[in-house]
Amino acid sequence: MGGIRVTVDTVIFRMIDEKLNALLVKRKYAPFQGDWVIPGGFVHEEETLEAAASRELDEETGLKNVYLEQLYSFGDPERDPRGRVITITYLALLPSSGELRASTDASEAKWFPVRSLPKLAFDHKRILDYALERLRIKLEYTTAEFKLLPEKFTLTELQNVYEAVLNKKLDKRNFRRKIALLRILQPLNDWKREGISRPAQLFRFSARKFEKLKDKGILFPF
């Protein structure tokens, strides 16, 4: 393969059973046939980068209409045995998985906890590690954590997201005190049963309150 080719790869995170998971696909063809990789593929000449990323996601996983945020580019000359390939990576955060369906050059699509990933082909471990670090940083100044939650959520579910992304336990009382001080949640007259404990109140994220917080330069204190 001559010349420089461009690919797109998308790191997709989702919470499953209180753990942060990444979506991987198993390659159907060489190189690295049978190995796990981040969903992606080559960009067609007539496509925008985002259109290519969306198409590859649909073809390899069956996921449609996923919000994508451009993350970074990786261009090590030796990163792909097929020749000089530069990849543009994207980040996506899902509140639920939808139905996964592998096709084209993927034989299987599956969620894996980010703390127990299989061996990844190409430089995809480096890409996924970079995406995870960026997600940790985004918790300080964006609303990324709420993209991993349903529209209505409990404070326990919110804390689970922080703990899964930061990879550390947070004191429950201190966490809730800090969240309350931010005043970015709207309490709802709705409840959810969590295990055998009494029902927990549900909340909704308030974008309007967050914008006021951001204007004051206040960051999330975790």
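In what follows, residues are counted from 1 in the order of the sequence shown. These numbers were taken from a predicted model, which means no experiment stands behind them. We use all heavy atoms of the structure for the numbers below, so side chains are in, but hydrogens, waters and symmetry mates are not.
- Atom NZ of Lys172 has 12 or fewer neighbouring heavy atoms from other residues, nucleotides or ligands inside a 6.0 Å radius.
- The closest side-chain heavy-atom distance from Val43 to Thr7 is not below 4.5 Å.
- A donor-acceptor contact closer than 3.5 angstrom is absent between the side chains of Thr154 and Arg193.
- Under the 3.5 Å distance criterion, the side-chain polar atoms of Arg27 are matched with a main-chain donor or acceptor of Pro31.
- By the neighbour-count criterion of 12 heavy atoms within 6.0 Å, atom CZ of Arg115 is densely surrounded, having more than that number from other residues, nucleotides or ligands.
- Counting only heavy atoms from C-beta outward, the side chains of Leu182 and Lys178 never approach each other to under 4.5 Å.
- A continuous path of Ile, Leu, Val, Met, Phe, Trp and Tyr side chains, each step under 4.5 Å between heavy atoms, connects Val161 with Phe210, placing both in one hydrophobic cluster.
- Residues Arg173 and Asp171 are not paired through a salt bridge, judged by the lack of any N-O separation under 4.0 Å between the basic side chain and the carboxylate.
- Ring centroids of Phe146 and Phe153 are separated by less than 6.0 Å, placing the two rings close together.
- Side-chain contact annotation: Asp9 with Thr89, donor-acceptor N/O pair under 3.5 Å absent.
- Taken to the nearest 0.5 Å, the CG atom of Leu63 stands 10.0 Å off from the CZ atom of Arg14.
- A salt bridge links Asp190 to Lys152: one of the charged nitrogens lies within less than 4.0 Å of a carboxylate oxygen.
- Taken to the nearest 0.5 Å, the CD1 atom of Ile179 stands 5.5 Å off from the CD1 atom of Ile184.
- Residues Pro113 and Asn21 share a closest heavy-atom pair of N-OD1, 3.2 Å.
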Quick one, Arg134 with Leu71, criterion side chain to side chain contact (heavy atoms under 4.5 Å, CB included). Give me CA distance, side-chain angles, the key distance, then yes/no. CA-CA 8 Å; Arg134 281 287 298 273; Leu71 189 65; 4.0 Å; yes
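- Using a 4.5 Å heavy-atom cutoff, the side chains of Lys26 and Asp35 are not in contact.
- Using a 4.5 Å heavy-atom threshold, the side chains of Leu57 and Leu68 count as touching.
- Interatomic distance, Lys147 NZ to Leu91 CG, rounded to the nearest 0.5 Å: 9.5 Å.
- The main-chain N or O of Lys169 is never found under 3.5 Å from a side-chain atom of Glu163 such that the two would form a donor-acceptor pair.
- Pairing each heavy atom of Ala53 with each of Tyr90, the nearest pair is CB-CD1, 4.0 Å.
- Taking every heavy atom of both residues into account, Phe13 and Leu148 meet most closely at O-CD2, 3.6 Å.
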I would like to know whether Asp80 and Arg82 meet salt bridge (charged side-chain N to carboxylate O under 4.0 Å, His left out); could you show each step before the answer? CA-CA 5 Å; Asp80 193 316; Arg82 293 169 293 187; 2.7 Å; yes
Between Thr87 and Ile127, is the side chain to side chain contact (heavy atoms under 4.5 Å, CB included) condition met? List the steps. CA-CA 10 Å; Thr87 191; Ile127 293 173; 4.1 Å; yes
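- Residues Leu185 and Leu158 have side chains in contact (heavy-atom distance under 4.5 Å, counting atoms from C-beta outward).
- Across every non-hydrogen atom of Phe203 and Pro187, the tightest pair is CD2-CA, 3.5 Å.
- For the pair His124 (side chain) and Ile38 (backbone), a donor-acceptor distance under 3.5 Å is present.
- Crowding of Glu46 atom CD: a count of heavy atoms from other residues, nucleotides or ligands under 6.0 Å exceeding 12.
- Glu60 places a side-chain N or O within 3.5 Å of a backbone atom of Gly40 that can act as its donor or acceptor partner.
- Atom CD of Gln201 has more than 12 heavy atoms from other residues, nucleotides or ligands within 6.0 Å.
- Contact annotation: the side chain of Thr156 approaches that of Arg176 to within less than 4.5 Å [non-hydrogen atoms, C-beta and beyond].
- Closest approach of Ile86 to Gly75, counting heavy atoms only: CG1-CA, 4.2 Å.
- Val8 has its side chain out of reach of Thr10: every pair of non-hydrogen atoms, C-beta onward, lies at least 4.5 Å apart.
- In this structure, the side chain of Glu47 engages the main chain of His44 through a donor-acceptor pair within 3.5 Å.
- No donor-acceptor pair closer than 3.5 Å links the side chain of Asp17 to the backbone N or O of Lys19.
- Using a 4.0 Å cut-off between a side-chain N of Lys or Arg and a carboxylate O of Asp or Glu, Arg204 and Glu151 qualify as a salt bridge.
- Leu149 and Glu157 make their closest contact through CD2-O, 3.7 Å (heavy atoms, listed as atom of the first residue, atom of the second, distance).
- Applying the side-chain contact (heavy atoms from CB on, under 4.5 Å) test between Leu120 and each of Phe32, Phe112, Trp36 identifies Trp36 as the sole match.
- Using a 4.0 Å cut-off between charged side-chain N and carboxylate O, Arg79 and Asp123 make a salt bridge.
- Criterion: ILVMFWY side-chain heavy atoms under 4.5 Å apart, direct or through other members. Under it, Phe205 and Trp191 are not part of a common hydrophobic cluster.
- The same ILVMFWY cluster, assembled from side-chain heavy atoms under 4.5 Å apart, contains both Leu166 and Leu132.
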Please evaluate residues Leu20 and Leu135 with respect to the criterion side chain to side chain contact (heavy atoms under 4.5 Å, CB included), reporting the C-alpha separation (whole Å), side-chain torsions for both, the decisive distance (0.1 Å), and the verdict. CA-CA 11 Å; Leu20 186 67; Leu135 180 57; 4.2 Å; yes
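- Ring orientation note: the planes of Tyr130 and Phe74 are nearly perpendicular, at an angle over 60° on the 30°/60° scale.
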Quick one, Leu128 with Leu24, criterion side chain to side chain contact (heavy atoms under 4.5 Å, CB included). Give me CA distance, side-chain angles, the key distance, then yes/no. CA-CA 10 Å; Leu128 201 147; Leu24 302 177; 4.2 Å; yes
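- With 3.5 Å as the limit, one finds a donor-acceptor pair spanning the side chains of Tyr162 and Glu145.
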